[in-house]
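Written below as structure tokens is the structure these notes are about.
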Amino acid sequence: MIAPGDKESNEKKLKIAIIGSGISGTANAYFLKHLFGDKVEIVIFEKSNSIGGRLATYEFNERMYEIGGSVLHPSNKYMEEFLKILDLKKKDQEEKRKSIVGLFDSNGLLFNTTGNLFGLLDKIRFLRHFGFFQLLKFKKWIRMFIKNFSKIYRLQEHGFVFNTLEEFLTKLSPELYIISQKSLENALKDLEFNKRIIYELASIACLTNYCQSIEIDGFVGLVSLAGTIDDLWAVETGNKSVPTKLVEKAGAELRLKTKVKYISKDSQESNKNSIVYETENGDEIQDNTFDYVIIAFPIFKNVIGDDFKLNFDIQEDFNNLEMQVTNTYVVYGELILFPNLPSDKRISLHCIDPKLACRSIAVQLPCDYSKKKDKNLYLNDGKKLYKIFSQEKLDENAFERIFKSDYEIIQFIPWLAYPKYEKNPNSKQIPKVILDSDRSRILYSNSLEWSSSCMEMCAISARNVANIIAAKENVLTKKFFSPKKDDIFTSNLHLMSKISSFVLISGFLFSSFYKI
Ligand SMILES: CC(C)=CCC/C(C)=C/CC/C(C)=C/CSC[C@H](N)C(=O)O
């Protein structure tokens, strides 16, 4: 799969270009530095004026809030380890009983929690609404996939690499690949989940995460569903702090406001790659000195063309790929959409009707939310800060149905947040990681994003790209996860108990044999 390495490559310093400074590009820089140390020179090209890509924050009343990628799952080991390495902390978890979660469609509110009696009543209502055994089966089913998915960490520590989605998922478990080839709806129906689980619970997970329906493939769906069974987390100083600090830690050269326009194999030297980029002043510069080029942003049909070109024969692979626009509004106002809901709770409403543009309306807590300091934040009757995800742009009429007329729009971003996933999973073509199969020197880190998009998937893809380059350069892969003290203790304990059982059993057999 990987084209063979050139012999003298170990002696010289590798020069690697990374295009994009989101979590994907910056994790690539970190893993490369981790594997190659001083033997690598990394240049990150970023067209905007700041690091982070789709991880972004905004300020409101002197506090920072997330506006882009906002949540992580407890199973996301790379992101957890980055926090330790970068000396960052997790944000405090919100007290669930202080908030109300509701589901609505075009007919109104279908179901909502009440936040009463420390959440006990809500739990009972939730179990009654969806069915106790169905919920149990649902959780068990998702847990099984998370467990299989988590095999990736051990495999990558030992140098595992993949070029296609099939290679990636089948190595973790064949079921994961099989589920990526059918729709989430069919996967849930095959397992005889009830209509509420399929058309309410699974639907909101998909609609709120990707503005998509349960017709998308089962793997994208599962990643969203993982968020429904566990408490999610975020970074106290904003998720954007991870890419920002990764660049520093990797010692990479960062060129902001620099737009890469062409990537091609160098015509003179077969192993070199050429990049043409436009600087802040509009100068066009060609640099032919890169041993590897890593594309760390999603390539889709609207960026391919005059804006960005891959000067070899694979452009058409991206012609069917589109990004999903998620119109993101931050509004400071008083919610009036469902007047029966109490106004002294933090409210999150999720729409399960794909025909309605507005997907979710949820109270926002600052990145550095603290249970102690903010125990009364947004628990008053008045205005609160809400984030709205909508598939279409909202006009004044739409806002006036949701908020009292003195609302203020604080932020608006028409994010190209996620890929537009194919409705028919069987026809889905995910681009390969290695874009130049003859040389393996132009690598597409975000290709996996077309199978599912979240921070951890970007980190897994980045480690994959670093492992591909290490294998090609004959550099031994180096462990990323530090062994936990507990792990050393438990593994020693495990060994000691095995030795003592062996001694005891042998002693017993010996004494019985010789009738001592
Ligand atoms: C295969 C399964 C079931 C899980 C894989 C583990 C994994 C990658 C979990 C991630 C779950 C998660 C945090 C989903 C949210 S997606 C990103 C979100 N929309 C955001 O804006 O941050």
Side-chain angles (χ1 to χ4, degrees), residues 22-24 27 52-57 65-80 82 90-91 93 138-153 156 165 168-180 184 187-188 191 201-202 204-212 216-235 238-240 242-243 298 323-324 326-328 348 350 359-360 362 364 367 387-389 413 415-419 421 448-449 451-464:
I23 186 64
S24 182
R54 284 164 285 167
L55 301 187
T57 48
Y65 291 77
E66 295 288 355
I67 185 120
S70 55
V71 284
L72 288 139
H73 188 266
S75 69
N76 297 169
K77 293 280 168 272
Y78 281 131
M79 289 302 288
E80 289 237 359
F82 283 151
K90 284 186 185 174
K91 170 182 180 174
Q93 294 271 3
F138 184 69
K139 270 195 168 184
K140 215 174 137 196
W141 182 66
I142 300 168
R143 284 246 176 280
M144 177 200 60
F145 281 113
I146 295 178
K147 195 171 162 210
N148 285 331
F149 185 83
S150 301
K151 288 184 195 157
I152 191 64
Y153 302 110
Q156 289 194 315
L165 176 71
F168 168 58
L169 292 182
T170 38
K171 185 79 181 174
L172 303 178
S173 93
E175 286 78 22
L176 265 171
Y177 183 65
I178 293 167
I179 204 165
S180 77
L184 179 66
L188 292 164
L191 289 163
L201 199 54
I204 34 163
C206 297
L207 283 167
T208 54
N209 241 337
Y210 298 97
C211 276
Q212 296 279 353
I216 54 167
D217 85 68
F219 180 65
V220 192
L222 269 172
V223 171
S224 307
L225 293 187
T228 64
I229 65 162
D230 288 302
D231 284 336
L232 301 175
W233 60 274
V235 183
N239 296 331
K240 189 187 159 141
V242 178
M323 293 297 276
Q324 173 83 45
T326 306
N327 292 298
T328 307
S348 302
H350 304 280
R359 284 283 95 85
S360 71
Q364 295 303 292
C367 298
K387 183 155 82 185
I388 300 184
F389 285 143
I413 304 188
W415 276 120
L416 289 176
Y418 303 110
Y421 297 111
L448 213 59
E449 193 175 343
S451 76
S452 173
S453 170
C454 65
M455 290 174 248
E456 189 70 3
M457 287 294 270
C458 290
I460 290 170
S461 307
R463 175 76 195 255
N464 180 51

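Position 1 is the first residue of the sequence; numbering continues from there. As the structure lists them, so they are numbered: ligands from 1, and atoms in each ligand from 1. Both backbone and side-chain heavy atoms feed into the values below; hydrogens, waters and symmetry mates do not. Please read these numbers as outputs of a predicted model, since none were measured by experiment.
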> Hey, are the side chains of Glu80 and Trp233 touching, using non-hydrogen atoms and a 4.5 Å cut-off?
Replying inline: yes

>> Quick check: closest heavy atoms across Gln156 and Ile460, and the distance to 0.1 Å?
In response: NE2-O, 3.1 Å

> Side chain, backbone, both or neither: which part of Asn148 has a heavy atom under 4.0 Å from ligand 1?
Replying inline: neither

> Is the number of heavy atoms from other residues, nucleotides or ligands under 6.0 Å of Lys139 NZ greater than 12?
Replying inline: no

>> Only heavy atoms of Val223, strictly under 4.0 Å: list the atoms of ligand 1 that pass.
In response: 10 (C), 11 (C), 12 (C), 14 (C)

> Going by the order shown, which atoms of ligand 1 are within less than 4.0 Å of some heavy atom of Gly69?
Replying inline: 20 (C), 21 (O), 22 (O)

>> For the 3.5 Å polar cut-off, considering only N or O atoms, please tell me whether Ser70 and ligand 1 meet it.
In response: yes

>> Any heavy-atom pair between the side chains of Leu225 and Leu184 that's under 4.5 Å?
In response: yes

>> Please list, in number order, the atoms of ligand 1 under 4.0 Å from a heavy atom of Ser75.
In response: 6 (C)

>> Could you check, using the six-membered ring where one of them is a Trp, whether Phe219 and Phe145 have ring centers closer than 6.0 angstrom?
In response: no

> So does Lys147 have more than 12 non-hydrogen atoms from other groups sitting under 6.0 Å from NZ?
Replying inline: no

> Just distances here: any N/O of Tyr418 and N/O of ligand 1 closer than 3.5 Å?
Replying inline: yes

> Does Val71, backbone or side chain, put an N or O under 3.5 Å from an N or O of ligand 1?
Replying inline: yes

